[in-house]
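Here the structure comes first, spelled out in structure tokens, and everything after it is commentary.
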Amino acid sequence: KNMAQNFYTKWQNAILADDHRYLINEKGKVVFAFLERLANDYQKGRYDQRDEWVCRLAAEAIEHLVENRMYYRTLNND
């Protein structure tokens, strides 16, 4: 990444995290639902090859959290 992209990414992360605790919790729910959807798509082979790395990473992360009882799936396995 170049410096501008790196700055923009850090700026986005700061914006997402700098909020009222209720909104942070709600944003967290959205993040995990998105990761779960990517994981589900990966497990079913429903992803573009260009997105394989992020779908696989999401699948690994969700699986780890579920196995360690830190997260409970919210999506039906459709």
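Quick caveat, the model's predicted, so the values are computed rather than measured.
Among Asn40, Leu38, Asp48, the one residue that satisfies the side-chain contact (heavy atoms from CB on, under 4.5 Å) test with Cys55 is Leu38. Partner of Asp41 under the side-chain contact (heavy atoms from CB on, under 4.5 Å) criterion, chosen from Lys44, Arg37, Gln43: Arg37.
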Next item on the list: Take Tyr47 and Arg50, measure what side-chain contact (heavy atoms from CB on, under 4.5 Å) needs, and give me the verdict at the end.
Entry: CA-CA 8 Å; Tyr47 58 89; Arg50 294 168 289 191; over 6 Å; no
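Under the 4.5 Å side-chain contact rule for hydrophobic residues, Val54 and Phe34 share a cluster. In this structure, Val31 is not a member of the same hydrophobic cluster as Ile24, with clusters built from ILVMFWY side-chain heavy atoms closer than 4.5 Å. A continuous path of ILVMFWY side-chain contacts below 4.5 Å connects Met70 to Phe32, so both sit in one hydrophobic cluster.
Nearest heavy-atom pair, Ala39 versus Ala59, reported as atom, atom and distance to 0.1 Å: CB-CA, 3.4 Å. Considering every non-hydrogen atom in both Ala33 and Tyr71, the closest pair reads N-OH, 4.3 Å. Counting all heavy atoms, side chain and backbone alike, Leu75 lies closest to Glu36 at N-OE2, 2.9 Å.
Atom CG of residue Leu57 and atom CD of residue Glu52 lie 12.0 Å apart, to the nearest 0.5 angstrom. The CZ atom of Arg73 lies 9.5 Å from the CG atom of Leu65; values are rounded to the nearest 0.5 Å.
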